[in-house]
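Heads up, the thing below is written out as structure tokens.
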Amino acid sequence: GAGVSQSPSNKVTEKGKDVELRCDPISGHTALYWYRQRLGQGLEFLIYFQGNSAPDKSGLPSDRFSAERTGESVSTLTIQRTQQEDSAVYLCASSLGYSGNTIYFGEGSWLTVV
Amino acid sequence: AQSVTQLGSHVSVSEGALVLLRCNYSSSVPPYLFWYVQYPNQGLQLLLKYTTGATLVKGINGFEAEFKKSETSFHLTKPSAHMSDAAEYFCAVSLRMNYGGSQGNLIFGKGTKLSVKP
């Protein structure tokens, strides 16, 4: 597709369950980002992949959060043993990866933990 | 470490009035600067960015922003607000690297919600 695609667009899960969120970046984009946006708040950086380099995981809030990326394509963000405070929009973004490039965002995956 | 401050979490203007959304950054080296807009229940869309060259940058929907190094600012303006401008606006920075250097992540301000009154 032309843009960053995320799935599911909406997910309701029970506390304690694991969830997986998927991101398809724009074709050819070597950089991929995950951000979290809690209701009424700004964007919180989670993790950044750039080509074959080791990912920057400095934003992951706990060891319940992990992410993988297959080559320069799809990425999956996994949240284990979900908690109510994990409820947020999870935004994926991608770019060509060079300094100053525009970063394009998907429409997000809305996660609600009940 | 870089940081971004957006003054005013909520700004309200009348239709046709000037829009001014403030953004200041903190960085040892002037970073790349971005403004994104988020309409209700949608993802983020790039309005404009400053990387190099002319310090007054024009973006989509009639918005523009001026990079002022001496003030470490990148305020967003629009001469005449329209109802469709009601949205949340985010200022962001990324580290300025040498040519070809990898980008790193965007650091966002907390956002400013713009309301436009008829």
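Because the structure is predicted, anything quoted here is derived from the model rather than measured. All chains are named by letter (A, B, ...) in the order of the sequence lines, taking the proteins before the strands, and each is independently numbered beginning at 1.
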Item to check | Side-chain heavy atoms of A:Gln37 within contact of B:Phe108, under 4.5 Å | outcome: no
Checklist entry - Heavy-atom distance under 4.5 Å to chain A: side chain of B:Gln38, backbone, both or neither? => result side chain
Next on the checklist: The test is side chain to side chain contact (heavy atoms under 4.5 Å, CB included); show your working for B:Leu106 and A:Tyr33 and say whether it passes.
Outcome noted: CA-CA 9 Å; B:Leu106 276 179; A:Tyr33 310 77; 5.9 Å; no
Item to check | Whether over 12 other heavy atoms sit under 6.0 Å from B:Ile60 CD1 | outcome: yes
Next on the checklist: What part of B:Leu44 gets within 4.5 angstrom of chain A, counting heavy atoms only: side chain, backbone, both, or neither?
Outcome noted: both
Item to check | Distance-minimising heavy-atom pair for A:Thr102 and B:Lys49 | outcome: OG1-NZ, 3.0 Å
Next on the checklist: Heavy-atom count check: over 12 atoms from other residues, nucleotides or ligands less than 6.0 Å from A:Gln80 CD?
Outcome noted: yes
Checklist entry - Is the count of non-hydrogen atoms from other residues, nucleotides or ligands lying under 6.0 Å from A:Glu14 atom CD greater than 12? => result no
Next on the checklist: Can you tell me which portion of B:Tyr50 sits under 4.5 Å from chain A's heavy atoms? Options are side chain, backbone, both or neither.
Outcome noted: neither
Checklist entry - So which pairs with a foot in residues 16-114 of chain A pass disulfide bond (SG atoms under 2.5 Å apart), sequence neighbours left out? => result A:Cys23-A:Cys92
Checklist entry - Taking only residues two or more places apart in sequence or in another chain, which ones pass side chain to side chain contact (heavy atoms under 4.5 Å, CB included) with B:Ser70? => result none
Next on the checklist: With a 4.5 angstrom heavy-atom cut-off, is it the side chain or the backbone of A:Leu43 that approaches chain B, or both, or neither?
Outcome noted: both
Checklist outcome for this item: If one checks every heavy atom of A:Glu44 against chain B at 4.5 Å, the contacting part turns out to be neither
Checklist entry - Hey, quick one: are A:Trp34 and A:Phe45 part of the same hydrophobic cluster, counting side-chain heavy atoms closer than 4.5 Å, chains of contacts allowed? => result no
